[in-house]
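Notes to accompany the following structure.
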Amino acid sequence: LMHLTKKLIEIRSMLLSIDKSDALKLPSIVVIGSQSSGKSSVLEAIVGQEFLPKGNNMVTRRPIELTLIHTPTGENGQAVEYGEFPSLGLGRITDFSQIQKTLTDLNLAVSPSEAVSDEPIDLRIFSPNVPDLTLIDLPGYIQISSMDQPETLKEKISALCEKYIREPNIVLAVCAADVDLANSPALKASRKVDPLGLRTLGVVTKMDLVPPEQGATILSGNRYPLHLGYVGVVCKPSGNSGHRETMDVVARRGEEYFRENAEHFHSSSSLMVGTATLSKRLMDVLESSMASSLHGITNAVQLELEEAQYQFKVQYNDRRISPESYVAETIDTLKGRFKDFMAQFRKPAVRARLKVMLDERVMDVLEQLYWSDKRVGEFTALGEDRRLKPEDVEPYWKYKLEAASSLLTKSGVGRDATVLVADGLRTLIDSIAAGEPFNFHPRASERLVQFAHMILRDRIPPTSDQVENCIKPYKYEVEVDEREWENGRKEAIKLFERELEMCEEKLKEIRRKVGGSRRLSSLMSYVRDLEEKEREKKSRRISQAALGADKEIDDPSLESYKYAPAQLMDARHAALYTDRLGILKIRLAVLKSKRCKAGPESDLLCPEAFLNVVADKLAYTSSMFINIELLDQFFYQLPREIDSRLLYDLPRNEIVDFARENPEIRRHLDLQDRKDKLEEVMKRLNSLSVLRTDAQPTSRRS
Ligand code: GDP
């Protein structure tokens, strides 16, 4: 049956990791006692090592879940003893003073205002010198709170102990022999939950401090009977402070005491004394308690397991996942998105986008150089009006065209085109980083954005320079062939038609806003008059200033208050759109005319077609080099950056953390984990019940 306890202790640890509720609990021994009753000394005597925090102030502030695992002696006959804090991941600790220090730190981490915490510390000790036991050490009961402790501390400790001494746990009530048992807070607390003392074992410490006959009377338990009885111990350290005494010495001193007073303790033979007896007694008690819990716990686990299996089937159709598979899936998703994006950044697409940017620039240049030119009429009539001799006017328009071309080619296309494409990349990456599943992973998403920005920052300057360099020839000369011309002409027509449509749309909007076309035309003529007057006034003022007269001529045009300022603004805009429409219409007619169709030699006549060809050449060349210098690099580097730095090579715990950031995955993993653990526990329990049915007849006979 030894085997049974060991296996059940393992199962108990597993159950603890599945569920903190009482439903799935195997019994443990809970150690309670008032401060200084000798609780720590008893526990250390059982373990055979000094490992508990010491100090005048209350040092146990959190429950310690102490699991003792009896291991075989090493091959060379040496005892390998070590402890582990499974939740801290510190590995094996063979130095018990290190364990003591860790426990002290963990206890001191509880803030003074909180004073006690009910979050247990999990400590496992492996040794050939320990029995298989689970013990829970709790803060000692106190009489009065000291100055720096909260008033409620006493109640807090009581509540914490009360929580742990519930069924099915066994209570180990520690009382000092030199204190009347009637005053023992441990016995009082235990009596509350276990009035008959069926699952309470008494430990009477400091037996050496009372006369042996008195000690023997206490142990006989006649005054406060306990079904499991009392064990008397002496765990007195030498008192020689600063000197670490091995527990063997302490234990031997205890055994000696009882041997010396054998006539009181060993004569009647029913009295239990010594730490070895205590260990044995604890093992027996735990074992039989565990054995009797076996049936109930098996049923409870079976029920929980069925529920978990059902949920796993219903919610996830039995689909298993792992944090690793989720990470891989996330990377795949990311790369998939990337592939889709690459399609959006193929050369023709980029070229089209650059062309749109340059088309706008062409419009600006035209407006700046042509449409506001007073000789624009002459320009339109060029080649038609016989009175105009080409040789008279051509140099002017030739100069204009060169200026226009130069404005376009020297407008910083390299940088602007590069930044335009880089901005497109940035926006797309930002949208990936903000979308599922990265919205669940803020840190990963931030790093993704960081990588992308870093590459872009690196690539923008050389790309800009390269593009600027490659379009350099166009700054000096642009050759246009027939096919290009025809294409440019058609593109210019399309562009103008779009612009025309837009102007008409705007005018319509304004017309609607001011209340019809009649109203708009009266508004517009009013504004025109107003502007006329304004101009006259200005010139008059100038001539007056020239005459030396400083007196203002007041011409209060009261009329300007006839319409609301917003309406006047609308009228001004309408006038601009109307002018623009007039020009666009004339220019469209020219672009569609035979003269323009003639070919590149009509460039002076149709600068729009020419500039369109220039814009197209700029877009083509820019897109080519942006593709090589920026896009290829970006789509090559970013996936590699992701592979090597985003999620790969993460330690296991970070992979788990990452996966668990996604709430859906976390739920899935939690349920899967619960189901797996319950299955494992069930398997072990089933193998045990075979053991148990074999064992049962024996235990009944005994
Ligand atoms: P805890 O506060 O309940 O954990 O008590 P400790 O184990 O720290 O013991 C309190 C004090 O009692 C310490 O000074 C121990 O040295 C002393 N002590 C513990 N066990 C014995 C014992 O069996 N006999 C004597 N004389 N002193 C003991």
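Remember, it's 1-based here, ligands and their atoms both numbered in the order they're listed. Quick caveat: nothing in here was measured; it's all calculated off a predicted structure.
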- Under 30°, 30 to 60°, or over 60°: which ring-plane class applies to F438 and H441, parallel, tilted or perpendicular? perpendicular

- Query: Relative to each other, are the rings of F258 and F265 parallel, tilted or perpendicular (30° and 60° limits)?
  - Reply: perpendicular

Short list, please: which atoms of ligand 1 are under 4.0 Å from a heavy atom of [X]?
X	value
C235	19 (C), 20 (N), 21 (C), 22 (C), 23 (O)
V234	23 (O)
S40	1 (P), 4 (O), 7 (O)
D208	22 (C), 23 (O), 24 (N), 25 (C), 26 (N)
S34	3 (O)

- Using a heavy-atom cut-off of under 4.0 Å, does the side chain or the backbone of L209 touch ligand 1, or both, or neither? side chain

- Query: Is a side-chain N or O of Q672 found less than 3.5 angstrom from the main chain of I321, in a donor-acceptor match?
  - Reply: yes

- Message: Strictly distance-based, threshold 3.5 Å: is any side-chain N or O of H264 a donor or acceptor partner for the main-chain N or O of A216?
- Response: no

- Query: Is D673 salt-bridged to K677, going by a charged N under 4.0 Å from an acidic O?
  - Reply: yes

- Query: Can an N or O of M207 be found at a distance shorter than 3.5 Å from an N or O of ligand 1?
  - Reply: no

- Message: What I want to know is whether T205 and ligand 1 share at least one N or O pair that is separated by under 3.5 angstrom.
- Response: no

- Query: Under a heavy-atom criterion of less than 4.0 Å, does S36 contact ligand 1?
  - Reply: yes

- Item | side-chain hydrogen bond (donor to acceptor under 3.5 Å, both in side chains) partners of residues 191-212, not counting sequence neighbours, each pair once | S190-T200, D194-T200

- Message: Just by distance, no angles: are the side chains of N662 and Y326 close enough, under 3.5 Å, to form a donor-acceptor pair?
- Response: yes

